[in-house]
Structures are given as C-alpha cells and as structure tokens.
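Beneath this line is the structure, given in structure tokens, with notes to follow.
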Amino acid sequence: MNTTISIQQVSDSKISQIDFNNIPFGRHFSDHMFVADYYDGKWNDMRVVPFGKIPLHPSTTALHYGQAIFEGLKAFKTDQGVVQVFRPEKNARRLNITAERMAMPEIPEELFLEALQKLLHVDRQWVPTTNGASLYIRPYMFANDEYVGIKPADNFKFVIFSSPVGPYYPKPVKVLVADKYVRAFRGGVGNVKAAGNYAATLKAVKEANAKGFDQILWMDGVEFKYVHEIGTMNVFFVIDGKVITPTLDEEAILHGITRESVLHILREKNIPVEERRVSIEEIHQAYLEERLEDAFGTGTAATISHISDIGYLGDNMELPVVENRTISRSSKEFQGVSQELPRSSQGVPK
Ligand SMILES: *Cc1c(COP(=O)(O)O)cnc(C)c1O
C-alpha cells in the first residue's frame, strides 16, 4: 500500500469568518479535507485538499442503494496548544467493523490515523481553544460505482472533514418510547454506523416532535419490550443507586465509545453497573415507586444528555430535576466525559 499523502493547501483560509465564541453545531467547516479513492482493489490517491464539493455521477450507487457509512469523533486543544484526538483508534476499528458489515473495503488503521494526523496538522488552527469547544471530525465512506444495479460496489470514496463546534450546554431531552417504528433488530445493521439507519428514524422523530418530544427511545424490534437506545445516543438509567444500561448482546445497539468510557469511569468509581436487558416495564415500575433516579444518553456529539421526561403509554414519566441527580452530575470528569478522559497519546504537533 502506498501511504504517501499529498497535501494541497488553500491560499486563503476561511477561519477569520468564524466567531469561535459562538459556533453552531455542524454549520462551519475547516479549510481542508482528506480524500482517498478505492479502485483496482486498493486505496489510491490519498490527499489532503481544499474543502469543497465532490462531483457525483447521477448513477452513483451510494445515492440509490445506501452503501454508505460514517464515524464521528472529536479533537481538542490542550492549554499548551497541543491537538489531541479522543481515542481515534477506536473509531478506526469501528469504521472497519461497519465497512465489513456493509460489504465495503476496510481502511487500514494506520492510514486512517495518518490521514487524520495530516489533516489535523494542516487545520490545527481550527481546533477551538474555548473551554469545552472542540473540532468534530467526520470520516465517511460511500459506494462510488457509476452503475444501476444492486451489488457490492467496486469503487468507493473515503473522506474526512471537520467542523468546529462550541461547548455543549446540555439541555435535558424528552424521549418518547417507540411503539410503532423499529430502529434495529438482530441480524440487521443497527449495531454499525450505516447511513441508512438514520434516514429510517426521521419519520418517527418527526411524529414525536409533533407530540412535544425531542427523540425516540427505541425498543427492541420484536416485542417493543426491551430498551435499545435514543437516536444517536446510548442510554443509561439509575435505579436505587445502580446504573443500568442495555447489553450489546442483542446485536442491534451501536457500540458507543462514549458509552464504553462512561462504563469505565463508573466502574473505576465503584458505582454499581449492570449491562443487561432492560425492559421498559421495569423502568416504568421503578418510576411509579419513585426509584428511578436518573436517565441519560451518551454520544460523541452531545457527550452526556440528561433525560427529563419519558413518554410511555400516554403516561409521562417526569424525572428528577437535573440538579438533584447524583450519578450523571457526580463529578467533573463525568460531566465533560469527552474532555476529561485520558485521550490517545497521539498529540498532533502544534
Ligand atoms: C454514534 C452513535 C452512538 C454514540 O457513539 P459514540 O461512539 O459514543 O459517539 C450511539 N448510538 C448510535 C445509533 C450512533 O450512531
């Protein structure tokens, strides 16, 4: 494999147009992107180029059949101005698990990490220094055959771009328990980051929004009995001081890196944790008995999102006010999980 990555820098940075004290999520993009093309059975033409549009043939297979996958991770800047990426090797690994499931080629982990390093070096000015702000990084891959017909593609494009994002001020979310639509099921693709998973949830979320809820609390697809996750977050409940999160055994839940980090912190703090099937009845019962102390979602974009309400069978379970929650507010490292954990040692030079 030829891992030479060429670099073409912009002549004019857009960075002066950004107000780093007020950055909306996902609306601004840094100056460069990494691109590689898969053809002739291998990755070719690795390059860092000015951020810009990607011309597509109208028959590009990803647009028709959804062979497209993605990742999401964040880079931070230390007080010394060193750029650090939160556990990028885990995202590299997960991207490849997703790729394998979707009959797409793997990105060698070293290529993923080197591409990231080169891109972040060129765009290092874009990593915010504001406390709690970060550079959100979006790697993705899509089938790029110019062809009408369903088969695993022979050509793919892999891209990494980034977007500065402001500090996350958690606003508690209202979730509605799914009783009609299904996000994922054993044997499907809910446990990987396949693009189509998200399109399939939009209608349900739109209907929930119309009822005053922010997100859907997805249930298992067979009985609508066991809790899976929330949109793009894993979910945790606290009952009687014990933290409970759905087991990944059902193969329909995304293996969140934030979830893994939160479990790690909880265990380190000797807080009792259970990874097992969680039925919505159990949650409802605990609520009725006033034993449901806390519920929150975890994910890279939103870090920890407190859940304020759970709509279930016409009942609204109202959770304790955020200020009274002990677990999800229990320590500094927990509140800013993405900022405070030990990161990958790979600092990108200033
Ligand atoms: C990305 C994602 C998560 C969160 O994963 P992190 O690695 O913590 O960012 C949870 N659920 C779904 C469905 C996701 O796509």
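Both ligands and their constituent atoms are indexed starting at 1 by order of listing.
Under a hydrophobic-cluster definition in which Ile, Leu, Val, Met, Phe, Trp and Tyr are linked whenever side-chain heavy atoms come within less than 4.5 Å, directly or via other members, M141 and Y38 are assigned to the same cluster. Taken together through direct or relayed side-chain contacts under 4.5 Å among Ile, Leu, Val, Met, Phe, Trp and Tyr, F112 and I97 form part of one hydrophobic cluster.
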Could you list, one pair per line, each nitrogen or oxygen of ligand 1 together with any protein nitrogen or oxygen closer than 3.5 Å, giving atom names and the distance rounded to 0.1 Å?
{"unit_1": "ligand 1", "atom_1": "7 (O)", "unit_2": "R94", "atom_2": "NH1", "d": "2.8"}
{"unit_1": "ligand 1", "atom_1": "7 (O)", "unit_2": "R94", "atom_2": "NH2", "d": "3.1"}
{"unit_1": "ligand 1", "atom_1": "7 (O)", "unit_2": "I257", "atom_2": "N", "d": "2.7"}
{"unit_1": "ligand 1", "atom_1": "8 (O)", "unit_2": "I257", "atom_2": "N", "d": "3.3"}
{"unit_1": "ligand 1", "atom_1": "8 (O)", "unit_2": "T258", "atom_2": "N", "d": "2.9"}
{"unit_1": "ligand 1", "atom_1": "8 (O)", "unit_2": "T258", "atom_2": "OG1", "d": "2.6"}
{"unit_1": "ligand 1", "atom_1": "9 (O)", "unit_2": "T300", "atom_2": "N", "d": "2.9"}
{"unit_1": "ligand 1", "atom_1": "9 (O)", "unit_2": "T300", "atom_2": "OG1", "d": "2.6"}
{"unit_1": "ligand 1", "atom_1": "11 (N)", "unit_2": "E229", "atom_2": "OE1", "d": "2.6"}
{"unit_1": "ligand 1", "atom_1": "15 (O)", "unit_2": "K193", "atom_2": "NZ", "d": "2.7"}
{"unit_1": "ligand 1", "atom_1": "15 (O)", "unit_2": "Y198", "atom_2": "OH", "d": "2.3"}

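By the 4.5 Å heavy-atom criterion applied to side chains, K118 and F34 are not counted as neighbours.
Between F25 and Y136, the ring center distance clears the sub-6.0 Å criterion.
Considering CD1 of I265 and CD1 of I327, their distance stands at 12.0 Å, rounded to 0.5 Å.
For the salt bridge (Lys or Arg N to Asp or Glu O under 4.0 Å) with R94, the lone residue among E106, E260, E71 that qualifies is E71.
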